[in-house]
Amino acid sequence: MTAALTIHAAFAGHIAAALDALEAAGTLPDGLNRAAVAVEPPRDPSHGDLATNAAMVLAKPAGLNPRALAELLVAELTKVPGVASAEIAGPGFINLRVDAAAWIAELRAIAALGGDYGRSTMGQGSTVNVEYVSANPTGPMHMGHCRGAVVGDALATLLEFAGHKVIREYYVNDAGAQVDVLARSAHVRYREALGEAVGDIPEGLYPGEYLIPVGQALAAEFGDTYAKAPEADWLVPFRTRAVAAMLEMIKADLALLGIHHDLFSSEAELQAAGKPDEAEKWLRAHDLVYDGHLEAPKGKTPEDWEPVVLPLFRSTKFGDDQDRPIKKSTGEWTYFGADLAYHFQKAQSADALVDIWGADHAGTVKRIKAAVAAMTGAEGKPTPFEVKLVQMVQLMKGGQPFKMSKRAGNFVTLADVVEMVGKDVVRFTMLTRKPDAQMDFDFDKVVEASKDNPVFYVQYAHARIRSTLRKGAAEGFAPDDAALDRLGEEELGLIKLAAQFPRLVEAAAVAREPHRVAFFLHDLAAAFHAYWNVGNDRPEKRFIVAQDAALTSARLYLATQIGQLVRNGLALLGVEAVEEM
RNA sequence: GCGCCCGUAGCUCAGCAGGAUAGAGCACCAGAUUCCUAAUCUGGGGGCCAUGGGUUCGAAUCCCGUCGGGCGCACCA
């Protein structure tokens with residue numbers, strides 16, 4: 001085992017080798033599907049360090065009794081260096097105990113790999129495009145956007161760590177009706193900046209004060225040229241400038257959360273480049289777009305429903321409930337028509353696509369998945385594409401739901417919340433539950449009870465470690481690996497937990513679930529705090545034992561690596577590891 | 001009416017591609033501070049994993065039904 005091969009990976013290999021040996025001996029048939037074979041720490045530590053279900057999973061297809069197969073495997077596994085014992089338990093689990101030396105080696109692996117401990121080659125360098133946020137460029141980021149932004153960003157980082165190349169992309173919807181509304185709203189602010197008394201912002205326009213500087217900039221640039229001009233004269237230049245200004249604002253908001261996209265793709269540019277036309281042409285040639293009648297919405301046919309003929313994409317062929325229009329009767333592209341071309345474009349430069357959407361767009365998942373399958377699957381190998389939905393965040397204030405309204409201008413901006421509670425709290429809070437469950441975000445609770453926020457619990461563990469190392473250094477002790485054999489059961493327990501990080505990273509990346517990292521860090525911090533407190537009653541269990549330099553150095557070495565691991569995990573979440581609290 | 005998501009302790013939530021006796025935080029009760037940071041720790045009470053079936057050696061986890069909550073069901077984005 002090399003220093004870089006972590007213990008769980010090594011044992012997955014040992015079990016595979018044991019199975020190979022049984023195959024070679026003819027005991028097991030060739031070509032058994034081993035996908036369900038797992039190596040994991042047993043829930044109950046008294047069962048050992050690692051357990052595998054291999055015998056139970058493979059017994060039936062091999063036509064063997066699980067315990068009989070387990071005995072054969074045990075015979076192979078006891079030969080593996082570092083295995084102290086292998087026992088059969090329950091219906092056919094194999095429980096393994098691993099020598100202390102193997103865990104010490106894992107600790108050295110953390111030291112050797114440092115910030116790369118847990119990094120995986122699983123992704124094999126394949127490129128994953130993660131599209132997230134993609135909020136309409138009509139105003140500042142508000143809390144409704146926050147969860148998708150944080151989850152998408154953490155997922156992107158996680159995928160990189162798991163061996164993928166990642167493109168972080170933001171799709172700018174700068175071609176629809178809502179950016180025309182933005183332009184008109186900016187025009188009002190423009191006239192206002194020129195000194196006109198505009199009164200209340202008209203119904204249907206964006207009343208937010210964030211457009212005042214945009215109006216001023218337009219007045220400075222154009223003077224009164226467009227004050228009385230017809231909309232057709234100014235709509236395009238105003239729209240362009242207003243969208244650009246909104247995008248700058250959004251980027252600044254995202255930066256507050258530590259989020260930076262690699263690529264901002266413009267829907268308007270996509271259309272100008274004729275991408276949707278190309279897509280339509282291709283789809284028509286493959287009989288995937290046809291001119292047909294749009295069906296009335298199921299279950300609630302509007303009274304004024306009039307069937308019209310529109311170009312429809314055959315999404316029902318790919319599992320959707322009805323075929324979807326790609327153009328409006330005005331000849332403009334629908335959102336879907338452009339989005340379809342956009343996803344095809346993304347697929348050209350990525351091996352897999354992931355979209356992070358709010359749950360309010362759940363109804364459009366099937367059609368876009370259908371589109372990607374149709375357009376990338378022509379040669380039989382569709383680009384893998386997932387839409388991860390983040391559920392709604394219910395904003396609360398003092399235990400009461402807090403309704404946001406763009407029109408009333410009382411929406412809660414992301415910038416305000418970050419200013420109130422800090423980036424780390426916002427990010428960690430968004431990552432301490434799985435994305436597909438709804439969550440409440442109560443300002444009062446998060447602000448008041450911020451000390452109870454799990455993020456501080458984890459950061460505190462790191463701060464304690466750093467503090468201890470500083471104190472040790474002041475007293476003349478440095479971390480050293482010369483006497484790691486002095487570490488006992490409590491210390492090995494910490495290492496055993498730490499050793500799960502690499503497989504956790506892989507599992508979280510495969511499941512596209514960055515929240516698992518947050519929970520792991522909480523568990524790790526809990527184990528560390530518990531160990532720390534043992535030293536309250538028993539001074540000989542403290543990190544620094546002044547009269548025993550060798551032991552102190554070994555424990556400081558352990559502390560150093562645990563601190564490293566906390567940093568690695570927090571880095572995946574985009575949360576700071578603090579030196580002191 | 002249809003589609004998607006969810007239902008686990010009083011509350012907020014985990015439960016690792018079905019696995020051994022279902023966990024954590026908060027809240028509640030009882031303890032630990034001459035000590036490396038008590039923003040911490042130890043112990044306790046508290047569960048028909050919404051519900052009824054099914055699949056199998058084994059189900060909180062997979063399948064079907066029911067109930068409850070959320071989101072959606074445009075030529076909007």
Side-chain angles (χ1 to χ4, degrees), chain A residues 35-36 38 40-44 47 51 53 56-57 59-60 66 89-93 95 136 138 173 175-178 267 294 296-300 302 308 310 320-322 324-330 332-337 339 358-366 389 391-392 394 432-434 436-440 442 445 449-454 456-457 459-461 463-465 467-472 475 500 503-504 507-508 510-511 513 515-516 518-520 522-523 525-526 528-539 542-546 552 555-556 559 580-581:
Chain A
E40 52 195 16
R43 195 173 300 166
D44 183 345
H47 290 150
N53 59 357
M56 289 186 292
V57 170
K60 186 180 258 185
F93 286 100
N95 291 332
N136 289 335
T138 56
N173 303 131
Q178 79 286 353
E267 181 185 2
L294 194 60
K298 296 242 166 73
K300 56 162 200 179
V308 282
L310 292 167
D320 199 1
D321 309 313
Q322 58 177 260
R324 306 292 176 176
I326 60 171
K327 272 183 181 172
K328 310 178 196 175
S329 50
T330 60
E332 295 173 291
W333 296 101
T334 61
Y335 180 85
F336 173 62
D339 203 27
D360 51 342
H361 291 85
T364 61
V365 171
K366 282 183 181 175
L389 295 176
Q391 286 293 327
M392 301 287 103
Q394 167 90 296
T432 42
R433 55 214 71 202
K434 61 177 181 233
D436 44 11
Q438 291 153 235
M439 69 180 284
D440 292 347
D442 192 316
K445 245 186 217 162
S450 66
K451 282 188 179 168
D452 291 330
N453 195 300
F456 295 108
Y457 186 80
Q459 286 178 321
Y460 184 43
R464 271 184 157 173
I465 287 168
S467 159
T468 303
L469 291 170
R470 284 193 299 270
K471 183 173 168 65
E475 294 179 18
Q500 294 184 44
R503 58 186 286 275
L504 175 109
V510 169
E513 290 184 345
H515 74 275
R516 293 189 193 184
F519 282 93
F520 173 80
H522 190 271
D523 289 347
F528 174 79
H529 288 310
Y531 174 71
W532 175 282
N533 275 273
V534 172
N536 281 343
D537 297 328
R538 299 162 59 196
R542 291 178 196 162
F543 282 95
I544 298 168
V545 183
T552 297
R555 289 207 179 132
L556 290 180
E580 55 189 321
M581 296 183 74

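Lettering of chains follows the sequences in order, A, B, ..., and the numbering in each one begins at 1. Note that the coordinates shown come from a computational prediction; the quantities given were computed from them, not determined experimentally.
For B:A9, there is no paired base (Watson-Crick or G-U wobble, both distances below 3.5 Å). Judged by Watson-Crick or G-U wobble contacts below 3.5 Å, the nucleotide B:U40 has B:A32 as its partner. B:G72 is paired with B:C2 under the Watson-Crick or G-U wobble criterion, all donor-acceptor distances under 3.5 Å.
Distances from the side chain of A:S467 to the nucleotides B:U40, B:A77, B:U37 place B:U37 closest. Of the listed nucleotides (B:C5, B:C16, B:C76), B:C16 has the atom at the smallest distance from the side chain of A:R516. Checking B:A39, B:A22, B:C75 against every side-chain atom of A:R43, the shortest atom distance belongs to B:A22.
Using a 4.0 Å cut-off, some side-chain N or O of A:Y460 falls inside it from OP1 or OP2 of B:A39. Residue A:Y457 has no polar side-chain atom (N or O) positioned under 4.0 Å from OP1 or OP2 of B:U37. Dashed line: the shortest gap from a side-chain N or O of A:R555 to OP1 or OP2 of B:C36 is not under 4.0 Å. A:K328 has a side-chain polar atom (N or O) that falls below the 4.0 Å cut-off from OP1 or OP2 of B:A77. Distances shorter than 4.0 Å separate none of the side-chain N or O atoms of A:R464 from OP1 or OP2 on B:U37. At least one side-chain nitrogen or oxygen of A:K60 sits closer than 4.0 Å to the OP1 or OP2 atom of B:C57. Neither OP1 nor OP2 of B:C75 sits under 4.0 Å from any side-chain N or O of A:W333.
We find that CD of A:Q322 is positioned 12 Å from P of B:C73, with the value rounded to whole Å. If you measure from atom CG of A:N453 to atom P of B:U12, you get 17 Å, rounded to the nearest angstrom.
The main-chain N or O of A:K366 is never found under 3.5 Å from a side-chain atom of A:D320 such that the two would form a donor-acceptor pair. Checked by atom type and distance alone, the side chain of A:R516 never pairs as donor or acceptor with a backbone atom of A:L504 at under 3.5 Å.
At a threshold of 4.0 angstrom between heavy atoms, the contacts of A:H515 are confined to the sugar-phosphate backbone, with no base atom among them. Within the 4.0 angstrom heavy-atom criterion, base atoms lie near A:N536. Nucleic acid contact class of A:M56 (heavy atoms, under 4.0 Å, all strands): base. Residue contacts shown for A:H522 are limited to sugar-phosphate atoms, with no base heavy atom under 4.0 Å away.
Taking for each of A:N53 and A:M392 the nucleotide of RNA chain B with the nearest heavy atom, the 5'-most of the two is the partner of A:N53. Between A:L469 and A:P325, it is A:L469 whose nearest contact on RNA chain B lies nearer the 5' terminus.
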